[in-house]
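Read through the structure below, which is laid out as structure tokens, and then see the notes.
Keep in mind that this is a model prediction, so the values were computed, not measured. The residues of the chain are indexed from 1 along the displayed sequence. Numbering of ligands and ligand atoms starts at 1, following listing order.
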Amino acid sequence: MNNEIHSVLPNIINHTLVTEAQYRELYEYSLRDPESFWGEQAKKYITWFEQWEKVFSGGFDKVDVHWFQGGKLNASYNCLDRHLEIRGDRPAIIWEGDDPKESEIISYRSLHEKVCRFANVLKQYGIKKGDRVCIYLPMIPEAAIAMLACARIGAIHSVVFGGFSVEALKTRIQDADCKMVVTANEGVRGNKMIPLKRNVDAALQDCPHVNYVVVVRRTKNSVSWDQQRDIWYHEAIARVNVECEAEIMDAEDPLFILYTSGSTGKPKGILHSTGGYLLYVAITHHLIFDYHEKEIYWCTADVGWITGHSYGVYGPLANGATTLLFEGVPNYPTSSRFWEIVDKHSVNIFYTAPTAIRALRREGDEWVTRTSRKSLRILGTVGEPINSEAWEWYFRIVGQERCPIVDTWWQTETGGIMISALPGATPLKAGSAAWPFFGVAPLVVDDNGNILPEGKMGKLVITQPWPGMLQTVYKNAERFINAYFREFPGWYLTGDQAYRDADGYYWILGRSDDVLKVSGHRIGTQEVESALVLHSAVSEAAVVAKLDEIKGQSIYAFVTLKIGVHPSEDLKKELMQTARNSIGAIAVPETIQWAEGLPKTRSGKIMRRLLRKIVDNDLANLGDLSTLADPTVVDELIKICQKK
Ligand code: 7RM
């Protein structure tokens, strides 16, 4: 992808926390003696009620990893209480509403009080340590408050992105067996209303274990109400005490579940721990964003994704930072919105996704250059590879060639950033995520697990445990092993393709499995296929990625209709609606291609590899066709795809 660019950008700032030489020394130490390294960091970054007995034990061979066993702490205490004395009046959250006229600043003291109150509400309605609470909220302070309130009493939150459909919400509530849902009457994004409460009502028809629904009143519009089950957030918090002691949690007690797509089956409930996770997001937030006291930090990700969890809420708050939460979208009211917010709140560190950068670049420089952005110091990206045009634009136009860019590679499963530059310590190469973070041991291997030389593309694996890693797949230990440790026993399989260059920089090229990244959103091809075949007209569907200039990838669906069904534009629309209903707007195929037949192996497996090549018009590299059950299918598909 970007392998032609090898220009190393000299450092434009100094990382005052770590230098390049220190990075190298510390990195080597962190791998040689992880116990000492992580033990020291755990003392530095986290306030423990009781110290651990062992920093870590077990390993990837038996997949029996434990971090900080015996240690006691509370994530909400670390994000709130311990900051009160030194920075109680400093802003913890700056909230910027969808409407530019709406914003709010919440101090650490005030956030602490709000969290304690809501924690008492949770208790009042029967939520106990270990219970699961579903949070289906827009980007409003109550999302962070609800997360921290769960953490405070030891309940496990499962945040579901507000853009997910009724069906997707339902299956997530059921899988985690949630006892409560926290939602809003409506969400507001780009001046459009999102019927969150209505979706919850519909989902709960099939969720008998949910006893209560707490509803934040975000808009004035009324919603239907179940007197026995529904509770207004503002009424409930007014009725309870402001004091709520933080529960003493084990380092290995789960903090949250977050569902993410895999290459097969339904989304997986990724389970994260309290101690290891919090330490990992705190240290990475501090060092990778070079965070300094009193700086304003903004991560644009929704709390419904891991980036919102780790770098919108837990990482920054654990470090006593000011984190900005934005309810809206980059192009409302205009395409200047991001940069207007940067100026309005004097944002110093800005972290977003390549897809947003590309979309804004297309709108023209004028939207950016009319703003000052002088407060900006560091820029970050995450979610997918960043192409060189987008990188250059971000660097030159947004950052005025003053701000280093940290291209951060990581996953829902890794908890925090795994490969990234340390701004000012790592010379930058546009398009490369650069070097592994402390304690992270990546390797690029071929399909047989042979270590590949520099410059050779292969599968990216991680060979040593790190504190932020997932504990398991919720209630599915077998799937945990199969998805991450089966292909190469002893190593964690990332599912990404990458290579390492001669300077030790990692270049992440995309997924090596059937997972898509559409506008940075992770979607399993099989999920979309399962959605499409729900339609009575569909016999079979195969979904692949098509390169997209803005979204990175778009969903391209090959659909075989049942005998006697006639293809039509209306039917295409129905199928798109089926995907929307079953998953959400992010899963709607950009293209639906009718196909008489799909290329299959003789054992009946769809050869998506071939479909990808056909979609990308890479016909010279179709590869071995001898395993095809019916080779004429391929010729037929090439013909119809080329007609477009
Ligand atoms: C944080 C997040 C994970 C997948 C991962 C990659 C891709 C993420 C980068 C990237 C290239 C990056 N979690 N990915 N960051 N690819 N460069 N800097 O996105 O679970 O939703 O997705 O995202 O394929 O495996 S995620």
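Aromatic rings from F350 and F338 are positioned such that their centres are separated by under 6.0 Å.
Under a 3.5 Å cut-off, the side chain of T284 and the backbone N or O of Y280 do form a donor-acceptor pair.
The ligand atoms of ligand 1 that sit less than 4.0 angstrom from a heavy atom of R511 are 5 (C), 24 (O), 25 (O). Listed by number with element, the atoms of ligand 1 under 4.0 angstrom from any heavy atom of T307 are 1 (C). Using a 4.0 Å cut-off to heavy atoms of D407, the atoms of ligand 1 that qualify are 12 (C), 17 (N), 18 (N). Listed by number with element, the atoms of ligand 1 under 4.0 Å from a non-hydrogen atom of T408 are 9 (C), 12 (C), 15 (N), 18 (N). Shown in contact with V382 at under 4.0 Å from a heavy atom are these atoms of ligand 1, numbered in order with element: 1 (C). Per-residue contacts place I306 under 4.0 angstrom from the following atoms of ligand 1 (heavy atoms of the residue considered): 1 (C), 13 (N).
Between E389 and R358, none of the side-chain N atoms (NZ, or NE/NH1/NH2) sits under 4.0 Å from a carboxylate O, so this pair counts as no salt bridge. Ion pair D175/K266 not flagged as a salt bridge, since none of the NZ, NE, NH1 or NH2 atoms sits closer than 4.0 Å to an Asp/Glu carboxylate oxygen. Classification of E401 and R396 as a salt-bridged pair holds, one side-chain N sitting under 4.0 Å from a carboxylate O.
Of the protein's heavy atoms, W410 O, 3.6 Å lies nearest to atom 3 (C) of ligand 1. Of the protein's heavy atoms, K517 CE, 2.9 Å lies nearest to atom 23 (O) of ligand 1.
The part of R522 lying near ligand 1 is the side chain, judged by heavy-atom distances below 4.0 Å.
Note: an N/O pair closer than 3.5 Å links D496 and ligand 1 by distance alone. For ligand 1, the polar-atom distance check against I508 finds no nitrogen or oxygen pair separated by under 3.5 Å. For ligand 1, the polar-atom distance check against T412 finds a nitrogen or oxygen pair separated by under 3.5 Å.
Between F256 and Y314, the two ring planes are parallel [angle under 30°; tilted spans 30° to 60°]. Ring orientation note: the planes of W305 and F164 are nearly perpendicular, at an angle over 60° on the 30°/60° scale.
Using a 4.0 angstrom heavy-atom cutoff, G495 does not count as in contact with ligand 1. Under the 4.0 angstrom criterion for non-hydrogen atoms, P385 is in contact with ligand 1.
When each of F438, Y291, Y45 is checked for a ring-ring contact (aromatic ring centres under 6.0 Å, His included) with H286, only Y45 meets the rule.
Residue nearest to atom 8 (C) of ligand 1, selected from A301, P354, A353, G383: G383 (by heavy-atom distance).
Taking the centre and axis of the six-membered ring of W435, the NZ or CZ atom of R24 falls inside the cone set by 45° and 6.0 Å. Geometrically, K429 engages Y505 in a cation-pi contact defined by less than 6.0 Å to the ring centre and at most 45° from the axis.
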